[in-house]
Amino acid sequence: MAKFLTNRDENYAKWYNDLVIKADLAENSAVRGCMVIKPYGYAIWEKIQAELDRMFKATGHVNAYFPIFIPKSFFSKEAAHVKGFAKECAVVTHYRLKNDENGKGIVVDPTAKLEEELIIRPTSETIIWNSYKNWIHSYRDLPILINQWVNVVRWEMRTRLFLRTTEFLWQEGHTAHATREEAIEETERMINVYADFAENFMALPVVKGYKSENERFAGAIDTYAIEAIMQDGKALQAGTSHFLGQNFAKAFDVQFTDKTGKLDYVWATSWGLSTRMIGALIMAHSDNHGLVLPPRLAPIQVVIIPIYKSSEQLLKINETAKKIKSGLETIGISVKYDDKDNNTPGWKFADYELKGVPVRLAIGPRDLEHSTIEVARRDTLKKETIAIASVNDYVIKLLDEIQSNIYLKANEFRKQNTFYIDKWDDFVDTLNNKGGFIMSHWDGTAETEERIKEETKATIRCIPFDAAEEDGKCIYSGKPSKKRVLFAISY
RNA sequence: CGGGGUGUAGCGCAGCCCGGUUAGCGCAUCUGGUUUGGGACCAGAGGGUCGCAGGUUCGAAUCCUGCCACCCCGACCA
């Protein structure tokens, strides 16, 4: 048990916060609501980026970069969009500072007021569609499949490391298509990419579905999302893909000539996944010993720790350990050999557990004698001693097994915490006592959703794509319903 | 923006109620030594505008006033 970590079952929120700080992923910065992502946390983000970027390119997308500043007038062109983001925008009003005339410090120069104020992007639809207007004239210019990796700013009231910060990093894809069908297909393709990524790389089982009108992206016709369950039973939206229809094309007057020579507005999608995913990773898998990282996302997959008494012993161990390290590296495994002598092996064991390194190898004089090595896996904390000669095969299999075990465990947790509920009292009771995913019938109205939210804090996380057709009655209003939707209290 | 809490060494805290030598403890750091198979031990050392600004007092970390910051709980959200 990690002594320095708050117990997960006693105070989940504090456990999470402790873990982020103590595993050295991030910390609060001098700027209110903004975090410093530290090297170890950023390394995880880089792994996320590398894999997603590969997947985006494999599905035909390219990267580009659009400005962080958006003229205020752009923002007001799409009515729903403005309404959705107006309350959380940072605005640049001046472009110069000067020395304070009273001699102390520096002040904003009032004569340097911007003619038109600039919004710091909370998302980039408007600035991008303003460019697309110039790029698109004919069906031959379509589709445009662009992604960008950037920071965005949303001025939040309350922030939490990774889960909600004023500034965060994400990728946003913005595509333009000739037909409605093609745009919808793209929207679906990308939610599938996200789900695939979440399940296969983050070992995070997700529910894919449609957002209700209330939860939809401001400016979208339809929003698809992947929702994951955290260990405290709350839901976390892990990625979204939006079918924007022709809303932005109309707002920015982006028309093209189709094959028949007719003018039409362009169809759009956008989709995003943020550093919030790191929060999901932590809350879905980690335990009272610290982080548990799925091998495919772990910056360090294997750590080797020497155990020795004399410096002669260390020399011999070094030799063997370095061979093992380079052997593992040649088969594509990332390995750290920690031979620093300022901490004891026990300290290192605890530290790498805190950091979630999937596999730990320990090698001491006893092992050298027998040509063995101790292997410990982070997910189950089980230890075994194996022959050094078999280490490559063993570790590569073990990493795969850990990856799938973490997924299965999370999947089992979700199963155990998904409830099919038909009575309002049970609905309220389950939310109050257990939390979790609740599958219930809903009459499809925004009013009912609103009332449920007011009374229980639960919202419709999504209407699952795979929801079976079945006759039922709305959990709240009793009106007829044809499918169950996913309710939960969310992050 | 409402309600609650906290600001003392890099980190975690005690001291404050009831003002009084040189502000203390644990962790971390540095030096030396012994250690090393699950967060080692001994000895020594360095490190502080007690959040900021005023005030009361012979004397303020301690009392008073104002301000600031951060954390938790609510309304907004990926």
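So you know, we letter chains A, B, ... as the sequences are listed, proteins then strands, and number each from 1.
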**Q** Nearest of B:G37, B:A75, B:G39 to any side-chain atom of A:R366?
**A**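 Given the options B:G37, B:A75, B:G39, the side chain of A:R366 is closest to B:G37.
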
**Q** For B:U6, give its Watson-Crick or G-U wobble partner with both distances under 3.5 Å, or none.
**A**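 Per the H-bond distance test, B:A69.
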
**Q** Using only heavy-atom distances, decide whether a donor-acceptor pair under 3.5 angstrom links the side-chain of A:D367 to the base of B:G37.
**A**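 A donor-acceptor contact between them is present.
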
**Q** Please enumerate all residues that pass side chain to side chain donor-acceptor pair (under 3.5 Å) together with A:T459, with sequence neighbours excluded.
**A**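 With neighbours one apart ignored, the set is A:R461.
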
**Q** Please report, rounded to the nearest Å, how far the P atom of B:G37 is from the CG atom of A:L368.
**A**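 The distance from CG of A:L368 to P of B:G37 comes to 16 Å, rounded to the nearest Å.
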
**Q** Keeping to residues at least two apart or across chains, list the ring pair (Phe, Tyr, Trp, His ring centres under 6.0 Å) pairs with something in residues 9-34 of chain A.
**A**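 Sorted pair list: A:Y12-A:W15.
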
**Q** Taking only the P atom of each, what is the distance from B:A14 to B:G26 in whole angstrom?
**A**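 Per the computed distance, 15 Å lies between those P atoms.
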
**Q** Checking all strands, does A:D341 fall into the base, sugar-phosphate, or nothing category for heavy-atom contacts under 4.0 angstrom?
**A**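 No contact at all - A:D341 keeps every heavy atom at 4.0 Å or more from the nucleic acid.
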
**Q** So A:R160, base contact, sugar-phosphate only, or nothing? Heavy-atom distance under 4.0 Å.
**A**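 The residue A:R160 makes no contact with any strand.
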
**Q** Which whole number of Å gives the distance between the P atom of B:G3 and that of B:A60?
**A**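 Roughly 33 Å separates the two P atoms.
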
**Q** When you check the side-chain N and O atoms of A:T166 and A:E156, is any donor under 3.5 Å from an acceptor?
**A**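 No, no side-chain donor-acceptor contact under 3.5 Å.
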
**Q** Whole angstrom is fine here: how far is it from CE in A:M157 over to P in B:A75?
**A**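 Atom-to-atom, A:M157 to B:A75, this comes out as 12 Å.
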
**Q** Base, sugar-phosphate, or nothing for A:T165, non-hydrogen atoms under 4.0 angstrom?
**A**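 It contacts base atoms.
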
**Q** Take atom NZ of A:K355 and atom P of B:G38, then tell me their distance rounded to the nearest Å.
**A**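 For the pair A:K355 NZ and B:G38 P, the rounded distance is 20 Å.
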
**Q** Can you tell me the base-pairing partner of B:G24? Count Watson-Crick or G-U wobble geometry only, both distances below 3.5 Å, and say none if there is no partner.
**A**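 With both distances under 3.5 Å, B:G24 matches B:C13.
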
**Q** Quick one about A:E449 and A:Y476 (side-chain donor to acceptor, distance below 3.5 Å, no hydrogens or angles considered), yes or no?
**A**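 There is no such pair between these side chains.
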
**Q** Who pairs with A:A13 by side chain to side chain contact (heavy atoms under 4.5 Å, CB included), at least two apart in sequence or on another chain?
**A**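 With sequence neighbours excluded, A:A13 shows a side chain to side chain contact (heavy atoms under 4.5 Å, CB included) to A:N11, A:R160, given in chain and number order.
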
**Q** Send over the distance from A:I317 CD1 to B:G37 C1', rounded to a whole Å.
**A**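 Computing the A:I317:CD1 to B:G37:C1' distance gives 10 Å.
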
**Q** Does A:T344 place a side-chain N or O at less than 4.0 Å from the phosphate oxygens OP1/OP2 of B:G39?
**A**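 No, no such contact exists.
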
**Q** If you measure only the distance, is there a donor-acceptor pair under 3.5 Å linking the side chains of A:K336 and A:Q301?
**A**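 The answer is no; no qualifying pair exists.
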
**Q** Taking atom P in both B:C63 and B:U8, what distance in whole Å separates the two?
**A**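 Looking at atom P only, B:C63 and B:U8 are 16 Å apart.
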
**Q** What is the distance, to the nearest angstrom, from the CE atom on A:M35 to the P atom on B:C70?
**A**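 A:M35 atom CE is separated from B:C70 atom P by 17 Å.
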
**Q** Could you tell me whether A:L163 contacts a base, only the sugar-phosphate backbone, or nothing, with contacts defined as non-hydrogen atoms closer than 4.0 Å?
**A**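 The residue A:L163 makes base contact.
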
**Q** Which is true for A:K383 with a 4.0 Å heavy-atom rule: it touches a base, it touches only sugar-phosphate, or it touches nothing?
**A**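 Here A:K383 touches the bases of the nucleic acid.
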
**Q** For B:G48, which nucleotide in any strand shown is its Watson-Crick or wobble partner with both distances under 3.5 Å?
**A**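 Partner of B:G48: none.
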
**Q** So what's B:G38 paired with, Watson-Crick or G-U wobble, going by both distances under 3.5 Å?
**A**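 Its partner is none (no Watson-Crick or G-U wobble pair with both distances under 3.5 Å).
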
**Q** For A:E374 and for A:S490, find the nucleotide of RNA chain B with the closest heavy atom, then tell me which residue's nucleotide is more 5'.
**A**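 Nearer the 5' end of the strand: A:E374.
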
**Q** Measure NZ/A:K83 against P/B:C76 and give the value in whole Å, please.
**A**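 Those two atoms, NZ and P, are 13 Å apart.
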
**Q** What are the two closest non-hydrogen atoms of A:P295 and A:I406, and how far apart are they?
**A**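 For A:P295 and A:I406, the tightest heavy-atom pair comes out as CD-CD1, 4.3 Å.
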
**Q** What nucleotide, of B:G39, B:C76, B:G37, holds the atom closest to the side chain of A:A362?
**A**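 Taking heavy atoms from C-beta onward, the closest nucleotide is B:G37.
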
**Q** In residues 298-309 of chain A, what residues come within less than 4.0 Å of RNA chain B, judged by heavy atoms?
**A**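 Only A:I307, A:Y308, A:K309 qualify.
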
**Q** Looking at residues 218-240 of chain A, who's got a heavy atom less than 4.0 Å off RNA chain B?
**A**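 Going residue by residue through residues 218-240 of chain A, the ones with a heavy atom under 4.0 Å of RNA chain B turn out to be A:Q237.
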
**Q** Under 4.0 Å, heavy atoms only, any strand: does A:Y491 hit a base, just the sugar-phosphate, or nothing?
**A**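 Answer is nothing: A:Y491 stays at 4.0 Å or more from every strand.
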
**Q** Please state how far atom CZ in A:R360 lies from atom P in B:G38, giving the value in whole angstrom units.
**A**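 One finds 10 Å between P of B:G38 and CZ of A:R360, rounded.
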
**Q** Which donor-acceptor pairs under 3.5 Å do side chains of residues 317-324 of chain A form with protein atoms, sequence neighbours excluded?
**A**
residue	atom	partner	partner atom	Å
A:N318	OD1	A:Y337	OH	2.6
A:T320	OG1	A:K316	O	3.3

**Q** Residues in salt bridge (charged side-chain N to carboxylate O under 4.0 Å, His left out) with A:E117, at least two apart?
**A**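 So A:E117 forms a salt bridge (charged side-chain N to carboxylate O under 4.0 Å, His left out) with A:K72, A:K113.
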
**Q** Among all residues two or more places apart in sequence or in another chain, which pass the side chain to side chain contact (heavy atoms under 4.5 Å, CB included) test with A:A183?
**A**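 Partners of A:A183 under the side chain to side chain contact (heavy atoms under 4.5 Å, CB included) test: A:H177, A:F243, A:W267, A:T269.
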
**Q** How many whole angstroms separate atom CD of A:E215 from atom C1' of B:C76?
**A**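 A:E215 atom CD is separated from B:C76 atom C1' by 12 Å.
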
**Q** Sequence neighbours excluded, which residues qualify as side chain to side chain donor-acceptor pair (under 3.5 Å) partners of A:T372?
**A**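 A:T372 satisfies side chain to side chain donor-acceptor pair (under 3.5 Å) with A:D367 only.
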
